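Worksheet for the structure shown next.
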Amino acid sequence: MSRLEPIVEPLLAWYEKNARDLPWRHGVTPYRVWISEIMLQQTRVEAVKGYFERFMQALPDVESLSSVEEKRLLKLWEGLGYYSRARNLKRAAALIMERYGGALPRSRDELLKLPGIGPYTAGAIASIAYGLAEPAVDGNVLRVLTRLEDDHSDIADAAVKRAVEKKLRAVIPQGRAGAFNSSIMELGATICGPNGPPECLCCPLRSLCIGYANGTAGDLPVKAAKKPRRIEERTVFVLTRDALLAVRRRPARGLLAGMWELPSVEGRLDDAKVIEAVREFGLAPLRIAPLGDAKHIFTHVEWHMTGWRVTVEEPLEKEGLEWIDPRRLQGDYPLPSAFRAYLTLWEQL
DNA sequence: TATGCGTGGCA
DNA sequence: TTGCCAAGCAT
């Protein structure tokens, strides 16, 4: 029925020999699989490794995750990006405690009900942790299969992904679902990668690959062009009084939600406007000095920042700012890397 | 269905 | 330097 049947045994044999030694492949438990899969969403393996080990030390089980203070959780996630993943983990952990007695549910459908778990992650947990014959189609799998079949469909089209899930579901080997799903992703992460030409001469599927035969593999998959980022001007303040630095928490929704930040306002302000803006924070500026420009690129927006160091008097009573010893930044405050340029400047002062 | 959501590595 | 993009999900 399916043309994919022939890939199963070669992939399993290749994976057996060539699987990378990754932290989450040791002592496999549903919890470890879950955490690693969330961390790996849109994130490179090399970036995840250190975070995973530290996270497991700090929050070794569903219960500890369900009750962790959000600030501590975000600190553990600091630098990984897509911070809603961390908040969704905690929400899901609380649901798992309430509804499932602290054990992750064992079916794709139940997993899909948990925040942060979509079709890919549900399939990955179901197959890798529980051995269920469920597909787990991510970017690697789409790349491998479009090359294998010389398929020039736009993989941004959801129908393409559904079709791949259907084809795979038909050939997932009973009892080896986890290894099979992992093997396709592993091939896509190593031999059949996204950057530069695939290393087809090492590929266990070469003799089956139409993209290789037709010389098109390196041009696949086809992806629609992304729309350009918008540019946002921001003015960032390094506000100090005595030896203290002002930070504040970002809103609970939107970009960098719930993270801490250096106070900042929209637009590029000159020195007069800087003084005005600082007064609106309820502060009386004593000295101001420009800190230069910095740029930070997000997926969908680009911050062009201008920094100012402003020394102020004792603040009037005003909500919103926290005055902290900057030495505590490192240990206690989850700060996105967008502000790194100005924090580095601070350290040098 | 399209868009918002981070970061760092690499060509 | 710039652009691309990596084991996606929520809305």
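Model, not experiment: these values are computed from the prediction. A, B, ... follow the sequence lines: proteins, then strands. Residue 1 opens every chain.
Computed from coordinates, the A:L89 CG to C:dC9 P distance equals 12 Å when rounded to whole Å. In this structure, A:R87 atom CZ and C:dA10 atom P are separated by 13 Å, rounded to whole Å. One can place CD of A:E165 at 12 Å from C1' of C:dG8, the figure rounded to the nearest angstrom. Between A:K161 atom NZ and C:dG8 atom C1' the separation is 7 Å, expressed in whole Å.
In A:E70, the CD atom is crowded: over 12 heavy atoms of neighbouring residues, nucleotides or ligands sit closer than 6.0 Å. No more than 12 heavy atoms of other residues, nucleotides or ligands shown are found within 6.0 angstrom of CZ on A:R253.
In this structure, A:L112 reaches neither bases nor backbone, as no heavy-atom distance under 4.0 Å exists between it and the strands shown. A:V45 comes within 4.0 angstrom of a nucleotide base, judged by non-hydrogen atoms across all strands. Within 4.0 Å (heavy atoms only), A:R162 reaches no atom of the nucleic acid at all. Contact annotation for A:R91: no contact, since no heavy-atom pair falls under 4.0 Å across all strands. A:I38 comes within contact range of no nucleotide atom at all, as no heavy-atom separation falls under 4.0 Å. Base contact: A:W24 has a heavy atom under 4.0 Å from a base atom.
For A:E322 and A:Y333, the side-chain atoms include at least one donor-acceptor pair closer than 3.5 Å. No side-chain N or O of A:H152 forms a donor-acceptor pair with one of A:D219 less than 3.5 Å apart. Between the side chains of A:N214 and A:T216, not a single donor N or O lies within less than 3.5 Å of an accepting N or O.
Map A:G254 and A:A47 each onto its nearest nucleotide of DNA chain B; the residue landing nearer the 5' end is A:G254. Nearer the 5' end of DNA chain C, as judged by each residue's closest nucleotide, is the contact made by A:K295, out of A:E186 and A:K295.
For the pair A:R32 and A:W24, the cation-pi test (distance below 6.0 Å, angle within 45°) is failed. Taking the ring axis of A:W260 as reference, the NZ or CZ atom of A:R250 does not stay both within 45° of it and closer than 6.0 Å to the ring centre.
The stretch residues 115-123 of chain A touches DNA chain C through A:P115, A:G116, A:I117, A:G118, A:P119, A:Y120, A:T121, each having a heavy atom within less than 4.0 Å of the strand.
Judged by distance alone, the side chain of A:R108 and the main-chain N or O of A:P135 form a donor-acceptor pair under 3.5 Å. A:R248 places a side-chain N or O within donor-acceptor distance of the main-chain N or O of A:S264, the cut-off being under 3.5 Å.
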Protein-nucleotides 3-6 of chain C N/O pairs closer than 3.5 Å?
{"from": "C:dA6", "atom 1": "OP2", "to": "A:K223", "atom 2": "NZ", "distance (Å)": "3.3"}

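Classification of the A:H300-A:F298 ring pair by plane angle, with boundaries at 30° and 60°, yields tilted.
Taking each heavy atom of A:R85 and A:T43 in turn, the nearest pair found is NH1-OG1, 3.1 Å. Considering every non-hydrogen atom in both A:A257 and A:R87, the closest pair reads O-NH1, 2.9 Å.
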Which nucleotides of DNA chain C pair, in dot-bracket form (Watson-Crick or G-U under 3.5 Å, | meaning another strand)
.|||||.||||
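Through direct or indirect side-chain contacts shorter than 4.5 Å among Ile, Leu, Val, Met, Phe, Trp and Tyr, A:L220 is connected to A:V222.
Heavy-atom contacts of chain A under 4.0 Å fall on DNA chain B between two terminal nucleotides, which in 5' to 3' order are B:dG4 to B:dG9.
Nucleotides C:dT11 and B:dG6 have their P atoms positioned 14 Å apart, rounded to a whole Å.
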Under 3.5 Å, sequence neighbours excluded: what are the donor-acceptor pairs made by side chains of residues 46-55 of chain A?
{"from": "A:E46", "atom 1": "OE2", "to": "A:K49", "atom 2": "NZ", "distance (Å)": "3.0"}
{"from": "A:Y51", "atom 1": "OH", "to": "A:E78", "atom 2": "O", "distance (Å)": "2.7"}

